[in-house]
Structures are given as structure tokens and as C-alpha cells.
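Beneath this line is the structure, given in C-alpha cells, with notes to follow.
Keep in mind it's a predicted model, so treat the numbers as computed, not measured. Just so it is clear: chains get the letters A, B, ... in the order the sequence lines come, proteins before strands, and each one is counted from 1.
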Protein chains: 4
Amino acid sequence: MTEQNDMLDILLNSEEKLTEKQKRILEAALEIFAEKGFSATSTSEIAKKAGVAEGTIFRHYKTKKDLLLSIVAPTMAKLIAPFIIRDINKVLNTKYERYEDFLKAMILNRQAFLKENMAAFRILIQEIPFHPEMKEQFKEHVASKVYERFTHLVEFYKDKGQIIDLPTEAVIRFTASSVFGFLLIRHLFLPEADWDDEKEIEMTIRMVMNGIRVEE
Amino acid sequence: MTEQNDMLDILLNSEEKLTEKQKRILEAALEIFAEKGFSATSTSEIAKKAGVAEGTIFRHYKTKKDLLLSIVAPTMAKLIAPFIIRDINKVLNTKYERYEDFLKAMILNRQAFLKENMAAFRILIQEIPFHPEMKEQFKEHVASKVYERFTHLVEFYKDKGQIIDLPTEAVIRFTASSVFGFLLIRHLFLPEADWDDEKEIEMTIRMVMNGIRVEE
Amino acid sequence: MTEQNDMLDILLNSEEKLTEKQKRILEAALEIFAEKGFSATSTSEIAKKAGVAEGTIFRHYKTKKDLLLSIVAPTMAKLIAPFIIRDINKVLNTKYERYEDFLKAMILNRQAFLKENMAAFRILIQEIPFHPEMKEQFKEHVASKVYERFTHLVEFYKDKGQIIDLPTEAVIRFTASSVFGFLLIRHLFLPEADWDDEKEIEMTIRMVMNGIRVEE
Amino acid sequence: MTEQNDMLDILLNSEEKLTEKQKRILEAALEIFAEKGFSATSTSEIAKKAGVAEGTIFRHYKTKKDLLLSIVAPTMAKLIAPFIIRDINKVLNTKYERYEDFLKAMILNRQAFLKENMAAFRILIQEIPFHPEMKEQFKEHVASKVYERFTHLVEFYKDKGQIIDLPTEAVIRFTASSVFGFLLIRHLFLPEADWDDEKEIEMTIRMVMNGIRVEE
DNA sequence: GATGAATGAGACTTCATTCAT
DNA sequence: GATGAATGAAGTCTCATTCAT
């Protein structure tokens with residue numbers, strides 16, 4: 001519960017009580033980090049884009065890395081927010097009659113998130129490999145949490161006879177790959193293509209469900 | 001054909017005529033780039049790890065970026081090598097009776113590649129977003145080439161009545177997501193877990209095939 | 001007389017009319033300057049230790065150097081206070097029958113001073129070499145004043161036949177070295193050793209007097 | 001013996017194998033540190049005075065503090081060199097018939113040293129209070145070594161009936177204060193005065209010896 | 001071919017000081 | 001009177017690259 005509160009704290013406290021200049025710094029950093037990467041971005045560049053003195057950055061963020069974390073931590077928190085929050089009233093765990101209904105709801109929800117937070121999300125996945133503490137935090141607070149939740153879900157639908165009797169991990173991996181594959185191609189690699197989201201999502205879900213439906 | 005020859009040139013010429021020191025430099029760079037990222041790596045660090053003088057690096061590679069490219073370009077080439085080479089004798093296009101046989105062969109082949117070239121592959125996907133020419137090259141020489149090939153393949157098996165009648169792109173995306181999803185989780189995210197590759201690959205293919213088999 | 005009044009002014013006005021915060025700032029500065037040196041101390045550090053805002057320091061002291069002077073100037077004044085004050089009623093010049101009685105009184109008096117003002121004294125001697133105006137002030141108001149007084153004294157006791165007929169400067173230097181030598185070792189270098197002040201002072205005076213007593 | 005070798009190593013290795021530029025850097029640093037103090041000196045100032053690029057300083061000295069140490073450590077070593085070296089052939093411990101002969105030899109020797117190394121010596125005593133490791137090294141390698149040697153000497157001359165029966169520490173302190181007092185005033189505080197060294201030293205020794213000669 | 005000293009631009013960060021609140 | 005956000009100059013240090021040896 002404490003860990004979840006950590007994340008919730010971050011969620012609720014971020015983006016509040018921020019000076020005007022602080023917001024401008026965050027925004028500028030977000031944009032340039034996403035474009036050039038953390039290491040290749042200089043604080044003077046950020047300052048210029050934010051329209052503040054370079055010293056101002058360091059009044060609010062002790063180090064450049066601090067600035068990175070203040071972008072990445074809330075993003076991690078938001079990334080798993082729906083999973084945590086729903087945990088609170090466990091009933092909703094199984095709100096959906098069918099696995100595919102759950103899938104669709106989740107895709108739509110996370111797609112909305114990605115649309116709004118693409119830059120921060122890119123920074124997150126770009127930088128995680130190079131910062132062991134971030135990696136650790138991600139594993140501990142994000143991945144494991146989401147994985148655990150999916151395990152419950154998949155087993156719930158297995159019991160209902162909706163899902164094939166393959167190892168839960170394999171089912172999750174398969175589902176997640178298909179969903180993330182779609183989302184990343186859609187929003188990260190080819191965002192400017194002309195997408196019919198409704199249809200694409202439907203097809204994706206259909207193939208996934210075919211893939212894991214109980215075979216006769 | 002010229003482009004393919006470009007790639008083939010790279011393939012055949014790389015790792016030849018390299019002095020002992022040059023090899024040590026490449027190896028050191030490969031390791032540190034993968035660990036810390038290109039921008040966060042200093043040439044002096046590379047020199048130290050390679051056991052050469054700082055100046056020696058610049059005798060062989062005009063700039064630090066050049067060094068990166070001399071790692072990344074051959075990796076791109078090798079990445080698509082099987083697709084290019086097989087193009088040469090077009091007959092083999094359809095060497096495999098069933099789509100799943102093709103899938104299995106491809107997974108095994110690319111898995112072998114990844115095992116041997118993990119570090120270079122990581123560098124490639126980490127740095128592509130930050131270097132427009134690399135991105136361009138990747139799209140032009142790698143992605144489009146592979147995509148084109150897959151298009152032929154999927155349509156070939158569609159004609160044989162093995163694959164569902166959904167848009168080819170969707171089928172490719174779905175297949176690729178599932179395959180890459182497995183490979184990345186297996187080799188990038190959880191390489192030290194205890195994997196039964198044989199079984200995992202079989203399950204992955206089974207779900208993919210279920211997902212796209214012609215429904216009755 | 002004016003110069004002396006300057007010093008007296010400083011003496012009497014210091015530590016008065018100081019707000020609570022001002023006192024805390026002085027105290028904090030005193031402590032950190034003594035520990036790390038003037039240049040290596042930052043105003044923000046002082047502010048933090050004093051528990052005031054950074055700006056508050058500059059409300060009371062125009063510059064950081066001003067803050068230093070407001071510590072050092074009173075210390076200089078107190079350092080020579082006994083010499084100046086006694087000047088006022090010249091009779092006391094020769095209050096003591098014997099040179100050694102004078103020496104003993106002086107040692108005890110200045111030792112008491114040092115005990116109470118060690119930090120400020122350290123700052124004074126550490127910073128004097130780097131601030132020409134301070135050096136000037138010290139020479140003019142402190143050193144020359146004390147030297148002049150000692151000259152009178154030594155010559156007085158010479159006339160009484162108590163002191164050897166060597167150049168007065170040499171006698172003063174010798175006396176002062178022995179006395180300061182003791183005081184500095186006692187309070188600056190080895191303050192935590194277990195000292196029998198009574199006995200040490202007696203021995204010091206005995207050796208000094210042997211050194212300069214009229215030889216038979 | 002090891003510690004002495006440490007110091008000897010420093011002695012013998014310093015000032016050798018130094019680049020032309022490195023020498024200029026050391027010289028410039030020496031001068032400015034002595035004039036303004038370590039903390040108040042900027043590396044850019046040193047670079048300018050030395051006529052090198054600022055980066056060049058950091059090729060030879062990892063940090064600014066390193067540069068300080070490379071000045072201070074050899075100075076400490078040279079400061080006690082005569083005491084260490086003489087230790088090697090212990091016979092010479094008592095080369096001099098009378099304590100005053102020893103004193104005179106020592107004063108002349110150390111005066112020559114001070115004349116040549118005034119700047120470095122000033123830096124040493126100015127910075128020691130602010131750098132715990134330097135303080136530690138000074139206590140361990142310099143002070144204790146010299147003190148130990150003086151103890152032997154004073155007791156040797158006590159046994160010969162030349163020195164008064166007061167605690168050895170007090171005798172040493174008294175002697176050292178008088179000698180250092182003279183040397184510091186002569187070379188540090190009033191170097192430009194017109195000194196008759198021969199005579200001043202003679203007087204100093206005379207007073208010291210009077211002070212500690214066996215009383216009849 | 002190899003070295004490593006030298007460079008100077010620029011990186012991150014600190015700092016004394018100002019000023020609107 | 002007090003605050004602390006803001007500043008920009010300056011500080012220390014790193015870096016890719018060059019070049020004489």
C-alpha cells in the first residue's frame with residue numbers, strides 16, 4: 001500500500017505549486033529531451049527555450065538529472081495509474097464480462113494517455129536503460145504491478161473458459177505484444193499516417209482473441 | 001539492386017582489414033555505447049578501455065559519430081541480410097509450405113542473430129531516434145525492404161488459403177509484434193531468466209497462427 | 001586620539017542594536033568562516049545555518065565582505081583594548097613593579113580574551129593577508145599601537161635595571177614570540193590537551209626572564 | 001621508515017619529468033595562491049598567468065585541489081628534510097658540542113629554506129587549517145617527526161648539564177617559539193626591513209640560551 | 001601508425017546580489 | 001523587515017579533436 005501511495009503522491013503533487021518559470025522549464029526540457037535525448041541536451045539549451053536564466057533551472061532542480069526525474073517519475077505514475085486506482089475497489093477487477101471487452105477498454109484508455117504524454121513516454125523508455133535506479137523503480141513499481149494485475153485477470157477469464165489453457169505468462173506476453181505493437185506503431189513510429197483507429201483496434205482484438213480463445 | 005549492393009558491401013567489407021587496435025576500439029565502443037548510450041560515452045573512456053591512445057581513435061574514425069556509424073551500419077546490414085540474400089534467387093520466396101514453417105525458421109534465425117549481436121542491436125534502436133540520417137537509412141534500407149518482403153509472403157499464403165482475409169498490413173503488424181515481443185522480452189528485458197526456447201517459440205507460433213488462420 | 005576613538009566606537013557600538021536575526025547571521029558567519037575560510041563560505045550556507053532567508057543577509061550587510069568586516073573590526077578593537085584603555089591614564093603605564101608581573105597580568109588577560117574569541121581571532125589572522133585594507137588597518141591601529149606601548153614598557157624596565165641591554169626591538173620580539181608561542185600552541189594548535197595553565201605560564205615567564213634579565 | 005620514504009619519494013620525484021607547461025602552471029599557481037589564497041584563486045586566472053589553456057591545467061592535475069597538493073606536499077617534505085635525512089646516520093644526532101651550536105646551524109639552514117620557498121610556505125600554513133587531510137598529514141609526518149627529534153636533542157643536552165631541568169616540552173616550545181618568532185617576523189611580516197641577520201640570530205640565541213641555561 | 005599533450009568551446013553548477021511581494 | 005525566486009557572471013571541469021613528435 002505504501003508503494004502505491006508513493007506513486008499516488010507523485011501523481012497528486014506533480015504539476016501543482018509550480019512557478020510559471022518552473023512550468024516553462026519542464027516543458028522545454030520535455031521537448032528537447034524527447035528530441036535529442038537526455039545526455040545530448042544541454043541545460044543552456046533548455047534555459048534558452050524556456051526563456052529563463054540558466055541559474056533558474058538549478059534553483060528548482062538541484063541537478064540536470066533531477067530535472068529528468070521530475071519528468072520521468074510522474075510519467076511512470078500516470079502510466080500505471082489505472083491499474084493502481086482500480087485496485088482500490090477490488091470488485092472492479094472483473095468489471096468486464098469478456099476479456100475482449102477489457103482489452104478494448106484498456107487500449108482506448110492507454111491510447112488516450114499516450115496521445116497526451118507521448119514526449120514524456122519516449123523519454124521514459126529511452127532513458128530507462130541508462131539509469132539503474134530508474135530501471136529498478138520501473139521494475140518494482142510499474143512492471144511488477146501491472147504484471148500481477150494481468151495475471152489475476154487472465155486467470156479469471158481462464159476460469160470462465162474464455163482463454164486457452166496455455167501458461168499465463170505466455171498469454172500475457174502475447175496480448176501485451178500485440179497491444180503495445182499496435183500502440184507503438186500507431187503513435188511512435190507512424191503517427192502521421194492516416195489511421196482508422198476504430199477499425200485497427202477491432203482487428204487487433206479479433207486476432208488476439210482468435211489467438212487465445214479456447215480451441216474446440 | 002544498388003542499395004542492396006550498398007548493404008552487401010558493408011556486410012562483406014566490415015570486419016576485414018581491421019588492425020588489431022581498430023578491433024579493440026570497436027569492441028570497446030560497442031560495449032560502452034550499449035551500456036551508457038552514445039552521448040554519455042566519452043572517447044577517452046573508449047580509448048582507455050581499448051588500451052590505445054586517445055589520438056588513435058581519430059586516426060581510424062574521423063569523428064566520434066563515425067565510430068557510431070561503423071558499428072550501426074553493419075548491424076543494420078546484418079539485420080536484413082537474410083531478406084536481401086534470399087531475394088537473389090526469388091524461387092526461395094516460397095520455400096516453406098506453410099506460413100508457420102516460415103515463421104519458425106525466421107524466429108530461429110533472427111534469434112541466433114540477436115544472441116550474437118545484442119549490444120550492437122541495442123545501440124541501433126537506442127540511437128536511431130536521435131540521428132535523422134540513421135532513421136532515414138533504416139526506413140529506406142531496412143524497414144521498407146523487410147516490409148515489402150513480408151507483403152509478398154503474406155499474400156502468397158493468403159492465396160493458398162492459409163491466412164485470414166484481413167488487411168495485409170494488419171496481419172504483418174500482428175505477426176511482427178508477437179515475434180518481436182517474444183524476442184525482445186526473451187533477449188533484452190529478461191535475458192537471464194530460465195527459458196525453454198523450443199516451447200516458447202512453439203506457443204508463440206501457435207497463438208499467432210490461431211490469430212490469423214482462416215476462420216471456419 | 002581620533003584613531004583610538006574609531007576603535008572605541010567600534011568597541012562600544014558593536015553588539016548593540018542588533019536584531020535577533022542579525023545576531024544569528026553573525027554567529028553563523030563566525031562559525032563557518034572560521035571553519036572553511038571566508039572565500040570558501042557561501043552566503044547561502046550562512047543563511048541556512050542562521051535560519052534566515054538569503055536576502056536577509058544583504059539587508060543587514062551590503063556585501064559578503066561587509067559581513068566579514070563586521071566580525072573582524074570589533075575583534076581587532078578588542079584585541080588591543082587593554083593597551084588603548086590604559087593609555088588613557090598614563091600613570092598605569094608602570095603599574096607593575098617588575099616586568100614579570102606585567103607579563104603575567106598580560107598573559108592572563110589576553111588568554112581570557114582568546115578563550116572567548118578564538119573563532120573571530122582565527123578569522124582575523126587567516127584573512128588579514130588577503131585583504132590589503134585589513135592589513136593596513138591592522139598595522140596602523142593594532143601592531144604599531146601595541147609596539148609603541150611595549151617600547152615604553154621595556155625601556156622603563158631597562159631603566160630600572162631589570163632588563164638586559166639589548167636592542168629594545170629584539171627584547172620585544174623575544175618576549176612576544178615566547179608569549180604568543182605559548183598562547184597559540186595552547187589555544188589554537190592543541191586546545192584539547194590537558195593543560196596546567198598556572199604552571200605553564202609560570203615556566204614561560206621564568207624562561208623569558210632568564211633570557212632577558214641583566215646578566216652579572 | 002616507510003613514512004620517511006614517502007616523504008623522500010615526494011622530494012626526489014617532484015620537479016622532475018615536468019613539462020614546460022606544467023612548470024609554468026605550478027609557478028603561476030604558487031604565486032596566485034600565495035597572494036589571494038586557494039579558494040579565492042580561479043583556475044582561469046592561473047591559466048592566463050601561466051600562458052596555457054585552462055584545459056591544460058586539468059590534463060596535469062585532476063582537480064584544483066590536486067594542484068594545491070602538488071605544491072603543498074613537496075613543501076612539507078622539504079620542510080622536514082634535514083630532520084629526516086640526519087636520522088639516517090644516527091651518529092650525527094649529536095654532532096654539535098653545544099645546544100647553541102645546533103640552534104645556530106638549524107636557524108641558518110631553515111632560514112635558507114624559507115628564503116627560497118616563502119610562497120609555498122605561506123600557502124602551506126594558510127591552507128592547512130581548512131583541509132583536514134593536509135592537517136592530518138602535517139601532524140603525522142611533520143610535526144610529530146620534528147618534535148620527536150627535538151625531544152632526543154634536548155634530553156641529550158640536558159644530560160650534558162647544558163639545559164635547565166624543566167619539562168622537555170616546555171623547553172622545546174620556548175626554543176621553537178623564539179626561533180620561529182624571529183624567522184616569521186624576519187621573512188613573513190617585515191621582509192623588506194633592513195636586517196642584520198648575523199647579529200639578530202646571535203641575539204636570539206643568546207636570549208634563548210640564557211633562558212634555558214642551567215641556573216647557578 | 002601511434003602517441004598523448006594541448007586546446008578552447010562548452011558542459012554543469014554555484015554564487016553574490018537584486019527586487020517584487 | 002523579511003522573503004526567496006530570479007539572475008547572469010563566473011567557477012570548475014570535460015570533451016572531441018588536432019598535431020608535433
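The closest side-chain heavy-atom distance from D/Gln137 to D/Met76 is below 4.5 Å. Proximity of A/Lys135 to A/Phe138: side-chain heavy atoms (C-beta onward) are nowhere separated by under 4.5 Å. Side-chain contact between D/Ile71 and D/Phe33 is present, with at least one heavy-atom pair separated by less than 4.5 Å. Side-chain contact between C/Leu67 and C/Ile46 is present, with heavy atoms from C-beta onward closer than 4.5 Å.
Taken residue by residue, residues 126-134 of chain D places no heavy atom nearer than 4.0 Å to DNA chain E. Within residues 44-63 of chain A, the residues that place at least one heavy atom under 4.0 Å from DNA chain F are, in residue-number order, A/Val52, A/Ala53, A/Gly55, A/Thr56, A/Arg59, A/His60. Of the residues in residues 29-42 of chain B, none lies under 4.0 Å from DNA chain E by heavy-atom distance.
When the nucleotides F/dT12, E/dC12, F/dT7 are ranked by their closest atom to the side chain of A/Lys64, E/dC12 comes out on top.
With sequence neighbours left out, the side-chain contact (heavy atoms from CB on, under 4.5 Å) criterion links B/Gln22 to B/Leu18, B/Thr19, B/His60, B/Tyr61.
The list of salt bridge (Lys or Arg N to Asp or Glu O under 4.0 Å) pairs with a residue in residues 25-42 of chain A, not counting sequence neighbours, reads A/Glu31-A/Lys49, A/Lys36-A/Glu45.
Residue D/Met134 comes nearest to D/Leu124 through the heavy atom pair CE-O, 4.3 Å, listed as atom of the first residue, atom of the second, then distance. A pairwise comparison of heavy atoms in C/Thr41 and C/Lys64 identifies O-NZ, 2.8 Å as the closest pair. D/Gln126 and C/Pro129 make their closest contact through NE2-CG, 3.1 Å (heavy atoms, listed as atom of the first residue, atom of the second, distance). Considering all non-hydrogen atoms of both residues, B/Leu30 and B/Ile123 come closest at O-CD1, 3.3 Å.
What separates CG of B/Leu67 from C1' of F/dT17 is a distance of 14 Å, to the nearest Å. To the nearest angstrom, C1' of E/dA6 lies 17 Å from NZ of D/Lys23. When the P atom of F/dA16 is taken as reference, atom CD1 of B/Ile25 falls 14 Å away, rounded to whole Å. Here the P atom of nucleotide E/dA6 and the CG atom of D/Leu18 are 11 Å apart, to the nearest Å. In this entry the distance linking CD of B/Gln22 with P of E/dG1 reads 9 Å, nearest Å.
Counting any heavy atom pair closer than 4.0 Å across all strands shown, D/Thr19 reaches sugar-phosphate atoms only and no base atom.
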Before you tell me yes or no, could you show the steps for C/Glu127 and C/His131 under side-chain hydrogen bond (donor to acceptor under 3.5 Å, both in side chains), namely the whole-Å CA-CA distance, both residues' side-chain angles and the distance that decides it to 0.1 Å? CA-CA 7 Å; C/Glu127 293 304 325; C/His131 307 268; 3.0 Å; yes

Show your working on side chain to side chain contact (heavy atoms under 4.5 Å, CB included) between B/Thr63 and B/Asp66 and close with a plain yes or no. CA-CA 5 Å; B/Thr63 65; B/Asp66 248 43; 3.7 Å; yes

Pair D/Glu54, D/Ser44 - check side-chain hydrogen bond (donor to acceptor under 3.5 Å, both in side chains), show working. CA-CA 6 Å; D/Glu54 204 168 350; D/Ser44 83; 4.8 Å; no

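Contact annotation: B/Lys65 does not reach the phosphate of F/dA16 (side-chain N/O to OP1 or OP2, under 4.0 Å). Remark: A/Thr43 is in phosphate contact with E/dC12, judged by side-chain N or O atoms under 4.0 Å from OP1 or OP2.
Summary of helix geometry: the two end axes of the helix from E/dA2-F/dT21 to E/dT21-F/dA2, each defined by five base pairs via their C1' atoms, are inclined to each other by 0° (rounded to 10°).
We find that B/Lys65 and B/Glu133 are joined by a salt bridge, their nearest charged nitrogen and carboxylate oxygen being less than 4.0 Å apart.
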